[in-house]
Each structure stands twice: as structure tokens, then as C-alpha cells.
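First comes the structure, then the notes that go with it.
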2 protein chains.
Amino acid sequence: MELIINTTDSVPVFSQLIDQIKNAVTNGDLSPGDALPSVRQLANDLNLNHNTVAKAYKHLIRDSVIQAKGYRGTFIHIDAKLNCNFDLNTVVTFKLSETIQILRQTGATDSEIRIAFGNIMKIQQNSGE
Amino acid sequence: MELIINTTDSVPVFSQLIDQIKNAVTNGDLSPGDALPSVRQLANDLNLNHNTVAKAYKHLIRDSVIQAKGYRGTFIHIDAKLNCNFDLNTVVTFKLSETIQILRQTGATDSEIRIAFGNIMKIQQNSGE
DNA sequence: CTGCATGTACTAATAGTACAAGTACAATAT
DNA sequence: ATATTGTACTTGTACTATTAGTACATGCAG
């Protein structure tokens, strides 16, 4: 498995990790049960902070793409391929694009949309993260 | 026309101006052709910076609610009432809330939603702003 | 028990962004 | 000339997200 990280990209590093690991799973480069490098190992290999890797892992765990087994390490989830199938990121982008386009057509300015979005995300916060 | 600005509110001042001017148009307090105070005049009356007022005017011009006639001043647009759907803000908030709720239900984290939103707004930018 | 590796939680530094303010400018009427 | 219109450019501040540094709980190996 080859991970390529571009720290100058506007896409956050932890997101790049998520995307590439998901890709590796769908491509078959990573199979259920396979062990992943530890957060520190991978961080060391890629010259990143281990918390950045941990953040990516955390998200993948939430999506049931990988599974943390405490001191034993982290492994590809049994249903990884299934849970990777629909790329959440793509869905989110698509759905949001759709809505934003409609809002613009009704005459809303970007500023208005941004403000409304910010308020919504601030007021009704999701637990966890 | 009575404008009330609350600088401690989380809603930006220029947005409050936009909302209230649109409100005045839909209520009939301001009619097409009516002259608006100059950016400096209004800023002085409300103890604001003239650029803050200018920003609000800029948005309203973009929405064809008002019309800048250069040195002659700024006036209510002929189709102001039509272009000034006061419910716009409510619609925007409602539509966005709806979409965000769906995305959360599919398992997307706030972080993912924020990133996707930011990218969309950055990439497919509206003119002006 | 000691030492080491695992994931995780908490805090600090940095970068990016939005709002607002200060200044300066082009255009035009008086 | 002077004043007034809207506008452009730059700066300071506050807020947020990302990333990094440190410390901790758990459990294996010797």
C-alpha cells in the first residue's frame, strides 16, 4: 500500500489519509483482517504527527472501515468493503452541491448561505466528532 | 425607516442591515425610487464604519433590491419588491438544515460536512461577493 | 516488577478566514 | 476648488480548524 500525502494541499492531511485508505480497501490492496500500521508507525513513515493519523483512524473506525483492538493494533473491518462502497465524502459533496445550487437559484448570496450554514452547524451540534 | 443594529449579536452587522432593508421594502416602508442614505450618512447615524454599510449595499445591489447611481446616490430598485423575498433567509436556513440533517443521519461528521461545504463554496464561486 | 507498544485524551501553536475599520481614490455636482 | 457619491486596498482582530506536543490507561514480553 502506497500512501502519498501532500501537506500543501488545501485538503486536510487526515482527510487525505481517509480517502486513500478507503481507496485501498475498495481496490483490494487492503483486505478484511489486514493489520494497519500503528498510529505512531504510520506517522513516522509519512513524517506526520501521530495524532493526525489517529484522527483519520478515528473517522474510519466510526465508519466501520477499520477496527481498533486496543493494544493489539488496528485492523481492516470485516465489512470494510461494504462500508466503503458508497463514498460518504462523495455523497456529502453531491448532496450539499445540489442544495447550494438551488439556494443560489432562488437568489441567495454566498454570504447568506455561509452565515446560515455557520449558524446551523453552531446551534445544532453533533455529539462526538 | 427605523434601523436597529445590535453589534453584539452573532449575526454580522452588514447582514442585519440587509435583512432590515429588505424587510422595509416588503413592508412598504421603502418604495421603488426612494433614495437611501449615503453609505457615510447611514454609517454615521448608526455609529458604524461606512464600509460596513457599503458591504450591505453591495449585496443588495447584487440582488437588485437597490441600485447605485454613482455620485447621485443609491435608490430602491424598480423590481425591489419582487427581488426582495424576505423569506429568503428562512428558506436558506430551512433548506440547509434539512440537508445537513440527512447527511448526519447517513453518518457524516460535522467536520466532513464543513470541509465539503467549504470546498464547494470555494470551487464553484458565485460572481461578485 | 520493569520496559515497551498500543490507542486515546488534553492542551498549545499555527494557519486560514470573516468581519470591521482606516485610508485613499475616481467621478461629478455645485 | 470643494464636497459628496460609491468603491478599492490594506490592516487589526476574533474565531475556527488543523496539526503538534505531552501525558495517560491498558496490556504484552522479559
Side-chain angles (χ1 to χ4, degrees), chain A residues 5-18 35-44 46-62 66-75 109-123 125-126 128-129, chain B residues 5-18 35-62 66-75 77 109-122 125 128-129:
Chain A
I5 298 301
N6 179 4
T7 48
T8 65
D9 199 311
S10 71
V11 178
V13 172
F14 80 95
S15 281
Q16 295 182 40
L17 281 173
I18 292 172
L36 285 161
S38 73
V39 288
R40 282 175 180 78
Q41 173 107 40
L42 187 53
N44 190 50
L46 300 174
N47 269 322
L48 303 173
N49 185 281
H50 68 272
N51 279 318
T52 305
V53 179
K55 189 172 184 178
Y57 279 19
K58 197 175 172 187
H59 280 251
L60 291 167
I61 289 166
R62 180 187 54 74
I66 67 177
Q67 201 172 9
K69 298 191 175 181
Y71 57 94
R72 267 169 289 182
T74 306
F75 303 85
T109 63
D110 282 13
S111 189
E112 285 166 335
I113 295 173
R114 280 208 185 87
I115 291 168
F117 179 81
N119 287 335
I120 294 166
M121 298 299 279
K122 194 181 298 176
I123 294 168
Q125 272 183 349
N126 235 341
E129 187 71 4
Chain B
I5 298 301
N6 179 4
T7 49
T8 67
D9 199 312
S10 72
V11 178
V13 173
F14 81 95
S15 282
Q16 296 182 40
L17 281 174
I18 292 171
L36 285 161
S38 74
V39 287
R40 283 174 179 80
Q41 173 107 39
L42 187 53
N44 189 50
D45 291 351
L46 300 173
N47 268 323
L48 304 172
N49 185 282
H50 68 271
N51 280 318
T52 305
V53 178
K55 189 172 185 179
Y57 278 20
K58 197 175 171 186
H59 280 253
L60 291 168
I61 290 165
R62 184 181 181 286
I66 67 177
Q67 203 172 6
K69 298 192 174 181
Y71 58 94
R72 266 170 290 181
T74 307
F75 303 84
H77 194 278
T109 63
D110 282 13
S111 191
E112 286 165 334
I113 295 173
R114 279 209 184 84
I115 292 168
F117 179 82
N119 287 336
I120 294 167
M121 298 299 280
K122 196 182 299 176
Q125 269 184 350
E129 191 69 6

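None of these values were measured; they are calculated from a predicted model. Chain A is the first sequence line, chain B the second, and so forth, proteins listed ahead of strands; every chain is numbered from 1.
- For dT5(D), the OP1/OP2 oxygens have no side-chain nitrogen or oxygen of Thr74(B) closer than 4.0 Å.
- When the C1' atom of dG7(C) is taken as reference, atom CD of Gln67(A) falls 14 Å away, rounded to whole Å.
- Closest approach of Glu112(A) to Ile18(B), counting heavy atoms only: OE2-CG2, 4.3 Å.
- Proximity of Leu48(A) to Phe14(A): side-chain heavy atoms (C-beta onward) are nowhere separated by under 4.5 Å.
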Are there any protein N/O atoms within less than 3.5 Å of an N/O atom in nucleotides 21-23 of chain D, and if so, which ones and at what distance?
unit_1: dG21(D); atom_1: N7; unit_2: Asn51(A); atom_2: ND2; d: 3.2
unit_1: dG21(D); atom_1: O6; unit_2: Asn51(A); atom_2: ND2; d: 2.1
unit_1: dT22(D); atom_1: O4; unit_2: His50(A); atom_2: NE2; d: 2.9
unit_1: dA23(D); atom_1: N6; unit_2: Arg40(A); atom_2: NH2; d: 3.3

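- Between Asp9(B) and Gln16(B), some side-chain heavy-atom pair lies under the 4.5 Å cut-off.
- Distance check, rounded to the nearest 0.5 Å: OH of Tyr71(A) to OG of Ser38(A) gives 16.0 Å.
- Rounded to whole Å, the distance from CG on Leu42(A) to P on dT19(D) is 14 Å.
- When the side-chain nitrogen and oxygen atoms of Tyr71(A) are compared with OP1 and OP2 of dC28(D), one or more of them lie within a distance under 4.0 Å.
- Here dA18(C) presents its P atom at 13 Å from CD1 of Ile113(A), a figure rounded to the nearest Å.
- Distance Asn44(A) CG to dT6(C) P: 11 Å, rounded to the nearest Å.
- When rounded to the nearest whole Å, the span between CZ of Arg72(B) and C1' of dT30(C) equals 15 Å.
- The Arg114(A) side chain lies nearest to dA18(C) when the options are dA18(C), dC19(C), dT8(C).
- We find that NZ of Lys69(A) is positioned 16 Å from P of dT6(C), with the value rounded to whole Å.
- The side chain of Pro12(A) lies closest to dT18(D) when the candidates are dG6(D), dC19(C), dT18(D).
- Taking atom CD1 of residue Ile18(A) and atom P of nucleotide dT19(D), one finds them 10 Å apart after rounding to whole Å.
- Looking at Ile113(A) and Met121(B), their side chains come closer than 4.5 Å, going by heavy atoms from C-beta outward.
- Residue Lys58(A) holds its NZ atom at 10.0 Å from OG1 of Thr109(B), rounded to the nearest 0.5 Å.
- Positionally, the nearest nucleotide of DNA chain D for Ile61(B) lies more toward the 5' end than for the other of Ile61(B) and Ser15(A).
- Taking side-chain N and O atoms only, Thr52(B) has a distance below 4.0 Å to OP1 or OP2 of dA21(C).
- Look at Ser38(B) and you won't find any side-chain N or O under 4.0 angstrom from OP1 or OP2 of dT4(D).
- In this structure, Lys55(B) reaches the dC19(C) phosphate: one of its side-chain N or O atoms is under 4.0 Å from OP1 or OP2.
- The distance from atom CD1 of Ile5(B) to atom CG of Leu42(B), rounded to the nearest 0.5 Å, is 8.0 Å.
- In this entry the distance linking CG of Asn47(A) with P of dT19(D) reads 14 Å, nearest Å.
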